[in-house]
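Contents: one structure, followed by commentary.
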Amino acid sequence: MSDLEAFRRETRAWLEENCPQSMRSPVMSDKDQCWGGRNWTFQSEDQRLWLERMAEKGWTAPDWPSEYGGGGLSREQVKVLRQEMARIRARPPLHSFGVWMIGPAILKFGSEELKRQHLPPIVRGEIRWCQGYSEPNAGSDLAGLQTRAEDKGDHFIVNGQKIWTSYADKADWMFCLVRTNPDVKKQLGISLVLFDMATPGVSTRPIKLISGSSPFCETFLENVRVEKNQVVGEVDQGWTIAKYLLTHEREMIGGFGRTAAGQKTLPQQAVEALGVEQGRLADGMLRGDIARWELDAKAFEFTAERVVDEAKAGQGVGNASAMLKYYGTELNKRRQELLMAIHGSDAMVWEGEAWNEGALARQWLRSKGNSIEGGTSEVQLNVIARNILGLR
Amino acid sequence: MTGLVLNDEQQMLKDAARRFMQERAPVSQLRKLRDERDETGFSRELWQEMVEMGFVGTLIDEEYGGSGFGYVGMGQVFEEVGRNLTASPLFATAVLGATLLRNTGSDAQKQALLPAIADGSMIMALAVDERARHAPHYVETRAEAQGDGFVISGRKVAVVDGHVADKLVVSARTAGEPGDADGLTLLLVDRAAAGVTVERTIMVDSRNAAVVTFDQVAVPKDAVLGKAGDGYAVLQQTLDVGNAMLAAELLGIAQEAFDRTVKYLHERKQFGVTIGSFQGLQHRAAHLFSEIELMKSVVLKALTALDQQDDSAAQLVSLAKAKASEVAELATNEGIQMHGGMGMTDEFDIGLFVKRARPMQQLFGDYRYHADRFAADRGY
Ligand SMILES: Cc1cc2nc3c(=O)[nH]c(=O)nc-3n(C[C@H](O)[C@H](O)[C@H](O)COP(=O)(O)OP(=O)(O)OC[C@H]3O[C@@H](n4cnc5c(N)ncnc54)[C@H](O)[C@@H]3O)c2cc1C
């Protein structure tokens, strides 16, 4: 038996024993997601147990080194863990910008001190992070950001405004892009700094989305003190790190369209809602549209797989994240449109317990943001054209 | 399982195929065959070189003179064939013929025919469709049992390499009605047999196809491939292998059309700048790039599934052929449009890619056929 098979057996047994039954069903609403952090109230005892047990093994960040609390697993082992979790339909124990975004950046560019300070609490789900990139006048043109950080010797004083900051009102810390040098080319005067949201001068105001909830905020920064040791990498070198971090974010967002373990597939939902006649979905035109989507969705799934396999084998074009982000989010928007069509007027209901509080319509509207957040589809196409095809 | 990447041997075969097609069978070769109105539509000399390179025997087991290199390997050869629009009997003979014999041939049939395929001395063709749109169960052609054998009558269209083939495999009805899957039988017929008429059809891609008519063609009992009446399932297996190779060839076509188009975007100047600086074109090129990335994945996935005899191989082949057809259509159409008037010029090669892509999309089922088959297989 290979080591990997042994690992699979152990993992399967461990999951069987440690994953609570109620955590073995698909995430149906935002409430089912566990985000952790200082202010988190667990939805259930099982949710708390599941996070604690997984964090104990470092499996909330399975590929991070174990010295910082991660699982220390190889890529192959991570894949096995994912497969085994999917097998029992286990929910992710933790949703975390820490794990998905700032963690990998600290691992790659951060000082030893920053790694020891920040990574373990991320793994344990104790500190929740938010991303302070966008500003009112710096969206797609992110490098044009104007939030100023003034050098005061051993610390910076930060002034400015961020916008569209997801979960800023719930987060404990922010990773934030600031201008540390206004006199050079815009990309060369940016730094990535970390601060506690409880620092004096930080305030947030929620913004309501078309989907009805208010997950993102305006964030105001007034004379916020940031210690010098909280700069990730070198001062003025933040742009490279910001871009590295964006590739992680993009791969994550690009994956949103995938059907999660245990979720009904789009065709299954269509068959249930519309029925089958002579072996074919009863609505012929819709069937064609669904098939077109599913062909693309499968092709996309295999592409995500191939990109990983190529990276493992040291091949591939690199730069895949822009393509995955672009295609994955457009695919998810198509999926949501098809779900609305399949469920017809049922999908248009906005309120009422019997209608799951309009979850379908709300998800559909939320998906529109997928091709905006993390860099718009148009920006991804620009990146592909410029960086891969060399067109400029 | 190494995942969705080529192993070293497969990569070497791909590299060898790339070098060979570029040097020995580039697009200019097809142009020459076309312009000289070559009788056979391919070069015997080139075919023999392809035998020596081992391409022809890729799917044939070693005991019959091949290399047994498998479907992923052959797919790499076809990708390069697509890039160079290489004209040869590789598809009909070394893929369809070889697969039919490997999967269903008796020991005697294999002994007699597989080595002849591998050494290039025999060319084969598969006569399956009777309608202009692929419908393999719609078979009117009949094979009536008579004496010790069968007598075949009917008409087949779009028979690739039909007019140069030495042997034909024909699907004919020994029972049932047109439209039934049951009652189909596959038979080996000599091209030279009495009653066989072959009419070459000059196709848009300047490649070989034929209408083949069978008029009371008598064949012996041992001309049957596999079991009489059970031909449909075997035929499907062969069509799956064929469609996977067509998808691989379409991948080569799409990539080459795309590379040439991007090159043109870098070169052509209008309004004092290269046209590649226009965002309207950049976004279309970037979208096409993404589609081609997806196409690569589905083609490799289907080929791998065939090698592994995966239960879902048929579904994955339909996925690959559907996606490959869709993207090749987009890539060749965008290729013409972004070349402007140059794209409409016969002297310029880009048009040859669009002309090759469409017949391959149609052959054995286009996007719609395979999207339908995929959906049905997925239970909707
Ligand atoms: C749900 C959601 C969550 C978000 N969460 C966060 C967060 O947590 N933290 C954070 O910092 N930000 C967050 N954002 C902000 C997001 O990153 C920005 O909205 C995004 O980068 C686009 O910027 P913008 O909104 O200013 O749009 P603009 O840049 O004004 O774009 C408007 C339109 O113009 C197009 N456009 C702009 N420039 C070009 C160009 N060069 N070529 C072609 N087209 C162009 C765009 O594609 C778009 O269609 C979030 C956004 C959403 C929707």
note = Answer key: most heavy-atom pairs under 4.5 Å with chain B among A:Leu391, A:Val307, A:Ile384 is A:Leu391
ask   = Top residue by heavy-atom pair count (under 4.5 Å) with chain B, among A:Val271, A:Ile290, A:Leu324?
value = A:Ile290
Give, as side chain, backbone, both or neither, the part of [X] having an atom under 4.5 angstrom from any heavy atom of chain A.
X	result
B:Ala322	side chain
B:Leu316	side chain
B:Phe278	neither
B:Tyr380	both

State whether a side-chain donor-acceptor pair under 3.5 Å links [X] with [Y].
X	Y	answer
A:Arg392	B:Thr274	no
B:Asp366	B:Gln361	no
A:Glu330	A:Tyr326	no

request  = Sort and list the pairs that fulfil ring pair (Phe, Tyr, Trp, His ring centres under 6.0 Å) and have at least one residue in residues 295-327 of chain B, not counting sequence neighbours.
outcome  = none
request  = Using non-hydrogen atoms and a 4.5 Å limit, figure out which bit of A:Arg386 sits close to chain B: side chain, backbone, both or neither.
outcome  = neither
task = Tell me, for A:Gln380 versus chain B, whether the close heavy atoms (under 4.5 Å) come from the side chain, the backbone, both or neither.
result = neither
task = Could you tell me how the ring of B:Tyr232 sits relative to the ring of B:His137: parallel (under 30°), tilted (30 to 60°) or perpendicular (over 60°)?
result = perpendicular
message = Working to the nearest 0.5 angstrom, can you tell me the gap between B:Leu300 CG and B:Leu251 CG?
response = 9.5 Å
request  = Identify which one of B:Arg131, B:Arg133, B:Glu177 satisfies the side-chain contact (heavy atoms from CB on, under 4.5 Å) criterion when paired with B:Tyr138.
outcome  = B:Arg131
message = Could you check whether A:Asp309 pairs with A:Lys79 (Lys NZ or Arg NE/NH1/NH2 to Asp/Glu carboxylate O, under 4.0 Å)?
response = yes
inquiry  = Counting only non-hydrogen atoms closer than 4.5 Å, can you tell me which residues of residues 254-270 of chain B sit against chain A?
reply    = B:Phe258, B:Val262, B:Leu265, B:His266
query = Should the heavy atoms of other residues, nucleotides or ligands under 6.0 Å from CG of B:Asp180 be counted, would the total exceed 12?
reply = yes
